[in-house]
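Notes to accompany the following structure.
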Protein chains: 2
Amino acid sequence: MQARRPYRDLIDRLKTVKLRPTRQRLALAKLLFSGCNRHVTAEQLHNEALSAGVSVSLATVYNSLHQFTQAGLLREVVVEPSRSYFDTNVCDHHHFYFEDSGELCDIPPETMGLPQLPEAPEGTRIARVDMTVRLKRSQ
Amino acid sequence: MQARRPYRDLIDRLKTVKLRPTRQRLALAKLLFSGCNRHVTAEQLHNEALSAGVSVSLATVYNSLHQFTQAGLLREVVVEPSRSYFDTNVCDHHHFYFEDSGELCDIPPETMGLPQLPEAPEGTRIARVDMTVRLKRSQ
DNA sequence: GTGATTGCAAATCTTTTGCACTAAA
DNA sequence: TTTAGTGCAAAAGATTTGCAATCAC
């Protein structure tokens, strides 16, 4: 049933967060949100868009990624100095980071207990907890 | 007792990790290791050195920070895209990150239980676990 | 139409690099 | 003296910005 109006859902999704469904945003949203959860860098997404025949500038990719993040559609993950990943899974969860390949991957929540969190210091509240389990090839 | 040979300990510390105790490395080591544990960026440390009347180039600060890190004297902490912090506390521990000020601070280990870790995937081993509790001003 | 969005190229910021010079052993 | 370390200035990445052209409403 979706076949006849492939963009309707994405358009609604963008409108809901008050972003105009432009050609570029729609194409990027399609790449990001039509399949499984993903972890992408701006550069990767830009290349994917170009490969898919969508002409978007890298600046617009950055803008869109930040707008999507601000709107709660994406989450920014910092694991490396000087390269940001954007995660389409915005639920509470943590990451494996493969140091050898630079690949990022969700940790299935059921494989780890909830960490016992410390209290937030006076005058602050916890905005988010990020945990990264850094992996290396064994031996 | 240390007063008469203020640099002896630092010199030994550098020699132990096979780094020549040059004027610059000693000055940086002094700033980093003479007081309490610290979290600094390259830029911060460079400014401190200049303020202390030690002439060091920023390139040398970067080199030294990485050499110290490789030698296990420091630990690199990634909490922000495109800015690295270096932590003089190399024991297992986690961080509070004050998003408003960019300040980084150790979480006292006794205030949080050890998280139950997931198994490392086939063929990998856990190199390190980084947890960052991101804080915002409350209300 | 009009205000939001885009693309481009230039600017910015952090970090790294190449290489001649200097200093530690 | 010999090799490691330093400083500088230039290069490299990733990201951002300014602004005229374009597009969604």
Side-chain angles (χ1 to χ4, degrees), chain A residues 7-8 10-31 39-50 53-71 73-74 76-86 102 104, chain B residues 7-8 10-31 39-50 53-71 73-74 76-86 102 104:
Chain A
Y7 284 98
R8 167 90 5 247
L10 291 173
I11 290 175
D12 290 346
R13 199 148 171 183
L14 290 179
K15 281 189 172 168
T16 302
V17 297
K18 309 228 187 310
L19 290 173
R20 283 192 186 172
T22 61
R23 180 175 62 75
Q24 292 83 344
R25 284 183 185 150
L26 274 175
L28 296 177
K30 183 161 185 242
L31 290 170
H39 303 91
V40 295
T41 64
E43 188 100 51
Q44 269 168 34
L45 187 60
H46 186 225
N47 287 333
E48 283 183 27
L50 297 186
V54 180
S55 116
V56 203
S57 75
L58 185 54
T60 297
V61 172
Y62 274 105
N63 287 339
S64 302
L65 285 172
H66 286 131
Q67 289 153 353
F68 291 178
T69 300
Q70 194 149 18
L73 265 32
L74 290 177
E76 191 174 357
V77 182
V78 185
V79 281
E80 265 184 1
S82 93
R83 194 198 329 317
S84 278
Y85 288 79
F86 293 85
L104 200 59
Chain B
Y7 284 99
R8 166 96 358 250
L10 291 173
I11 291 175
D12 290 345
R13 199 149 172 183
L14 290 179
K15 281 189 171 171
T16 302
V17 297
K18 308 228 186 311
L19 290 173
R20 283 192 187 173
T22 62
R23 180 176 63 77
Q24 291 84 345
R25 285 185 184 147
L26 274 173
L28 297 177
K30 181 162 187 240
L31 290 170
H39 304 90
V40 295
T41 63
E43 188 99 51
Q44 269 169 31
L45 187 59
H46 186 224
N47 288 334
E48 284 185 26
L50 298 186
V54 180
S55 116
V56 203
S57 76
L58 185 54
T60 297
V61 173
Y62 274 105
N63 286 338
S64 302
L65 286 172
H66 286 131
Q67 290 152 354
F68 291 178
T69 300
Q70 195 150 17
L73 264 33
L74 290 177
E76 192 173 356
V77 183
V78 184
V79 281
E80 264 184 1
S82 95
R83 196 197 328 318
S84 278
Y85 288 79
F86 293 85
L104 200 58

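Each chain gets a letter, A, B and so on, in the order its sequence line appears, and its residues count up from 1. These numbers come from the heavy atoms of this one structure, side chains and all, not from hydrogens, waters or symmetry mates.
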To the nearest Å, how far apart are B/Lys18 NZ and D/dA4 P?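 These atoms are roughly 14 Å apart.
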Which whole-number value in Å describes the distance from B/Gln67 CD to C/dT15 P?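 Value for this atom pair: 16 Å.
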Hey, is the side chain of [X] poking within less than 4.0 Å of OP1 or OP2 on [N], counting only N and O atoms?
{"X": "A/His66", "N": "D/dT15", "value": "no"}
{"X": "A/Tyr62", "N": "D/dT15", "value": "yes"}
{"X": "B/Thr60", "N": "D/dT6", "value": "no"}
{"X": "A/Arg25", "N": "C/dT5", "value": "yes"}
{"X": "A/Arg20", "N": "D/dA24", "value": "no"}
{"X": "A/Gln24", "N": "D/dC23", "value": "no"}
{"X": "B/Thr22", "N": "D/dT6", "value": "yes"}

Which one, D/dA24, D/dC8, C/dG7, comes nearest to the side chain of B/Ala59?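 Looking only at side-chain atoms, B/Ala59 lies closest to D/dC8.
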Measuring only between side-chain heavy atoms, which start at C-beta, is A/Pro81 closer than 4.5 Å to B/Glu76?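 A/Pro81 vs B/Glu76: side chains touch.
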Please compare B/Lys15 and B/Ala42 by the position of their nearest nucleotide in DNA chain C and report the one closer to 5'.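 First, find each residue's nearest nucleotide; the 5'-ward one identifies B/Ala42.
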Could you check A/Asn63 against A/Glu43 and say which one's nearest nucleotide on DNA chain D is further toward the 5' end?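 By nearest-heavy-atom nucleotide position, the 5'-most residue is A/Glu43.
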